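Report on one structure; see the data block that follows.
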Amino acid sequence: TLVAPGSTFPVFARVHDIAAVTNASVSLMAPGAVTPQELRNNGIAPDATPADGVYSANVTAPSGVAEFTLKFAVSAPDKKPVELAVTLPLRPPPANDAFAKRLPLAGPSASATGPSEGATREAGEPLHAGREGGASVWWTWTAPSNGFVTIDATMSQGGAALKVYAGTSVNALTPVVPAAAYTPSNSTSRLTFAATTGTVYQIALESAGVPPSGLACFSLGYAYVVTPVAGDSINWYSGGGTAIFEMAHQLSEAGECVA
């Protein structure tokens, strides 16, 4: 099982000797912990059923490592004590988690999909929706000419905050549109702005209210049209040779994000 860095998840340990052992003492040492953490079998969440021999506790995964180890110690009256170590892999962050690793978008239209689980917030990163929390992924796009750009984005869990910036340093970005496009529920966030020839734009998509242990899939697409000459008209949704990307996303049974 892949665990998201920084996520909190339940751990269950079944203790039995032919029959369930309901009077055991079960503890674990997590990375960075000073004292052992007790696992309980009292029916209080995350434990499901009291006195069934299944002991549980919530554990927070570390960040910045590829895997981590939990060390269990089990003892019970008239039983031989047992120690066991279990190593769990961490889900790697998205390729465009860091501003410095933002992915390029090119041309008059493009789209991208993928998982946001494991994404982080960097030191100095703006609060895209003016609020703490969430984690972002990044893209970069250079306007081929003056024109208008509409960007649509969704998250499969929770909401999405979409914002566009100018600048080349994560702690010195200037918003192109003052307010972020923010949706608190599973719906599309949309931004439209006027692009200038040769200007490089940085696009941030932030998860909002997504459970850290859940797999959140993002979809992002944009459509770009050249600035019309006098007398022309633009219909963003039909005609005029323009196109809006209405992105679709789903979570496959294998736990991967697919278009």
Side-chain angles (χ1 to χ4, degrees), residues 92-122 124-129 134-156 159-183 187-208 210 215-228 234 236-237 240-250 256-259:
N96 56 339
D97 174 38
F99 178 81
K101 295 184 178 180
R102 55 200 183 277
L103 296 178
L105 298 169
S109 63
S111 62
T113 60
S116 66
E117 187 179 15
T120 60
R121 176 177 294 282
E122 299 177 69
E125 181 174 344
L127 301 177
H128 306 297
S136 60
V137 284
W138 292 88
W139 293 267
T140 185
W141 177 73
T142 302
S145 60
N146 292 345
F148 295 97
V149 183
T150 292
I151 305 175
D152 289 338
T154 60
M155 283 282 184
S156 62
L162 175 65
K163 201 158 186 179
V164 178
Y165 299 90
T168 57
S169 177
V170 72
N171 61 355
L173 295 172
T174 302
V176 173
V177 180
Y182 170 66
T183 52
S187 57
T188 299
S189 295
R190 172 173 288 181
L191 276 179
T192 298
F193 64 95
T196 303
T197 304
T199 300
V200 179
Y201 297 96
Q202 319 299 354
I203 303 167
L205 178 59
E206 175 191 77
S207 61
V210 175
L215 179 64
C217 304
F218 66 75
S219 297
L220 179 140
Y222 71 87
Y224 165 79
V225 293
V226 176
T227 303
I234 292 179
W236 286 103
Y237 300 96
T242 66
I244 294 296
F245 271 72
E246 297 294 345
M247 303 302 300
H249 59 83
Q250 61 181 343
E256 296 297 332
C257 298
V258 295

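This structure is a prediction, so every number in the text was calculated from the model and none was measured. Values below: every heavy atom of this structure, side chains too, minus hydrogens, waters and symmetry copies.
A donor-acceptor pair under 3.5 Å links the side-chain atoms of Glu122 to the main chain of Phe99, judged by distance alone. Using modelled atom types, no side-chain atom of Glu206 and backbone atom of Leu162 make a donor-acceptor pair closer than 3.5 Å. Between the side chain of Asn96 and the backbone N or O of Trp138, at least one donor-acceptor pair lies under 3.5 Å. The closest donor-acceptor contact from the side chain of Thr197 to the backbone of Asn146 lies under 3.5 Å.
Donor-acceptor pairing under 3.5 Å is recorded for the side chains of Thr150 and Thr192.
Listed by chain and number, the residues in a side chain to side chain contact (heavy atoms under 4.5 Å, CB included) with Thr199 are Thr196, Tyr201 (sequence neighbours excluded). With sequence neighbours left out, the side chain to side chain contact (heavy atoms under 4.5 Å, CB included) criterion links Thr168 to no other residue.
Residue Leu173 holds its CG atom at 6.5 Å from CD of Gln202, rounded to the nearest 0.5 Å. The distance from atom NZ of Lys163 to atom CG of Leu127, rounded to the nearest 0.5 Å, is 9.0 Å.
Ring orientation note: the planes of Trp141 and Phe193 are nearly perpendicular, at an angle over 60° on the 30°/60° scale.
Using a 4.5 Å cut-off on side-chain heavy atoms (C-beta onward), Thr140 and Val200 make contact. With a 4.5 Å cut-off on side-chain heavy atoms, Ser136 and Arg121 do not count as touching.
Taking every heavy atom of both residues into account, Tyr165 and Ala204 meet most closely at CE1-CB, 4.2 Å.
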